[in-house]
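Worth saying up front: this structure is predicted, and the values here are computed from it rather than measured. Order of appearance sets the numbers: ligands from 1, and atoms from 1 within every ligand.
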Amino acid sequence: MPEAVRPTILVTGAAGNLGSEVVGRLKIRGARVRCLVRGHAGVRPGAEFVVGDLTDPTIVHDALAGVDTVFLIWPLLDAAPAHGLIAELAAAAPRVVYLSSTAVDDQAVRQSDPIVQVHADMEALLHDASLRPVVLRSDTLASNARGWAAQLGAGDVVAGPAMARTAVVDERDVADAAVALLLADPGRPVRSPYLLTGPEVLSRADQVDRLGVALRRRLRFQAVPADLARSRMLADGRPERLVEALVAASAHRPESGLITDHVERLTGRPAGTFAQWAMDHAAEFS
Ligand SMILES: NC(=O)c1ccc[n+]([C@@H]2O[C@H](COP(=O)([O-])OP(=O)(O)OC[C@H]3O[C@@H](n4cnc5c(N)ncnc54)[C@H](OP(=O)(O)O)[C@@H]3O)[C@@H](O)[C@H]2O)c1
């Protein structure tokens, strides 16, 4: 990419499942990348980074200096602490690509659960600040299955709260779609929100089956009642607020049959299957 047209892109959540995929792709494409991370672990060698919290306006101010475009995630369970971030974004006025959720219901007064509500609230805050964000609504990320690795190290059963079926999407496809938008000509019209899904609607049991094929093991998903799921997650040390949000999502998130071609529209190739994700990541579960 010629120096004169190399954009500077701030990637938030840069050490996470999705953010790390976005950073890798942007660097291959020759963009200048600045990572906002909470700690040094997980930062790619050679990457420029700012260490701090998204809720700290001073950190966000510094991170935004000279930035053309922001890949924004909001991993908190409440949008209220985002007001400082939104004010800094409004002052710096970069292009913003925000990663939201396909579970957001534009017709609903309240969303199904706190995780979806926070995405709806963040979209509204960004629009209200006249940032005209490009919104990427993602379905359940395949990489969430990494959370099963410890259980699968101990046995062949994945136990957890049941979740409504959705078209689970490979995070690599979401990263490719995000990069296409982050590097797009700013003058090009966008059809936000984009709805990124995988090619088939899957239950947790379906995902565990496919993972079993990839691992050549006979695996089984065991749905656990809410009270037991809550006490196990708390015993594992997960924060209480997150546990309550996950229990609420299990109880109230509706099943979604939504399958779109938006990954293909943005990347030029169809979305990958969870079965392929499982094959590609089998080594992480051995
Ligand atoms: N997972 C899904 O199914 C799904 C579906 C739709 C949308 N999304 C959105 O996608 C986002 C990214 O997903 P992911 O799977 O990549 O998540 P992830 O692997 O948990 O990564 C989130 C990253 O955000 C960082 N982070 C957390 N709180 C922060 C804070 N207060 N300030 C600065 N950084 C903070 C974390 O840092 P540490 O490494 O220090 O913890 C982590 O690196 C989610 O947060 C969610 O908003 C997810």
Side-chain angles (χ1 to χ4, degrees), residues 10-25 34-44 47 49-60 62-63 70-85 88 97-104 111-123 126 133 135-149 160 163-175 177-178 193-198 202 204 207 237-239 241-242 245-246 249-250 253 256 258 262-263 274 277 281 284:
L10 176 66
V11 178
T12 63
N17 285 312
L18 183 60
S20 57
E21 296 286 347
V22 170
V23 170
R25 283 161 175 74
R34 187 175 300 153
C35 303
L36 179 57
V37 290
R38 285 199 295 189
H40 292 83
V43 175
R44 286 175 182 247
F49 55 87
V50 172
V51 177
D53 201 291
L54 273 167
T55 59
D56 182 341
T58 315
I59 293 292
V60 174
D62 292 349
V70 178
F71 177 65
L72 180 64
I73 68 160
W74 186 252
L76 285 81
L77 291 167
D78 182 358
H83 287 282
L85 164 94
E88 292 298 334
V97 175
Y98 175 63
L99 187 81
S100 182
S101 165
T102 48
V104 170
Q111 301 296 324
S112 59
D113 58 81
I115 295 171
V116 185
Q117 186 64 50
V118 79
H119 287 302
D121 291 346
M122 286 299 295
E123 289 187 21
L126 291 163
V135 175
L136 268 184
R137 290 183 181 165
S138 169
D139 212 310
T140 307
L141 296 176
S143 49
N144 292 354
R146 288 189 169 124
W148 300 335
M163 289 292 286
R165 298 182 336 137
T166 66
V168 176
V169 62
D170 190 321
E171 70 284 359
R172 297 170 297 184
D173 289 335
V174 177
Y194 292 92
L195 307 175
L196 304 178
T197 74
L202 300 173
R204 288 257 160 117
Q207 289 179 73
R238 297 216 208 179
R241 194 150 181 213
L242 174 63
L246 292 172
S250 167
R253 181 112 26 117
S256 169
L258 179 76
H262 295 194
V263 166
F274 184 80
W277 184 93
H281 294 81
E284 295 178 30

(request) Please check if a non-hydrogen protein atom sits closer than 4.0 Å to atom 20 (O) of ligand 1. (result) no
(message) Any heavy atom of His119 closer to ligand 1 than 4.0 angstrom?
(response) yes
Return the residue, atom name and 0.1 Å-rounded distance of the protein heavy atom closest to [atom].
{"atom": "atom 38 (P) of ligand 1", "result": "Arg38 NH2, 3.6 Å"}
{"atom": "atom 12 (C) of ligand 1", "result": "Ile73 CD1, 3.9 Å"}
{"atom": "atom 31 (N) of ligand 1", "result": "Asp53 OD1, 2.9 Å"}
{"atom": "atom 1 (N) of ligand 1", "result": "Asn144 OD1, 2.9 Å"}
{"atom": "atom 8 (N) of ligand 1", "result": "Leu99 CD2, 3.8 Å"}
{"atom": "atom 43 (O) of ligand 1", "result": "Gly16 N, 3.3 Å"}
{"atom": "atom 5 (C) of ligand 1", "result": "Asp139 O, 3.6 Å"}

(request) Determine the minimum heavy-atom distance between Val37 and Ala15, stating which atoms define it. (result) CG1-N, 3.9 Å
Hey, which atoms in ligand 1 end up nearer than 4.0 Å to a heavy atom of [X]?
{"X": "Leu76", "result": "31 (N)"}
{"X": "Gly13", "result": "23 (C), 24 (O)"}
{"X": "Leu18", "result": "16 (O)"}
{"X": "Ser100", "result": "6 (C), 7 (C)"}

(message) Nearest non-hydrogen contact with atom 27 (C) of ligand 1 belongs to which option: Pro81, Ala175, Ser138, Pro75?
(response) Pro75
(request) Consider every N or O of Ser101 and every N or O of ligand 1, then say whether any pair is closer than 3.5 Å. (result) no
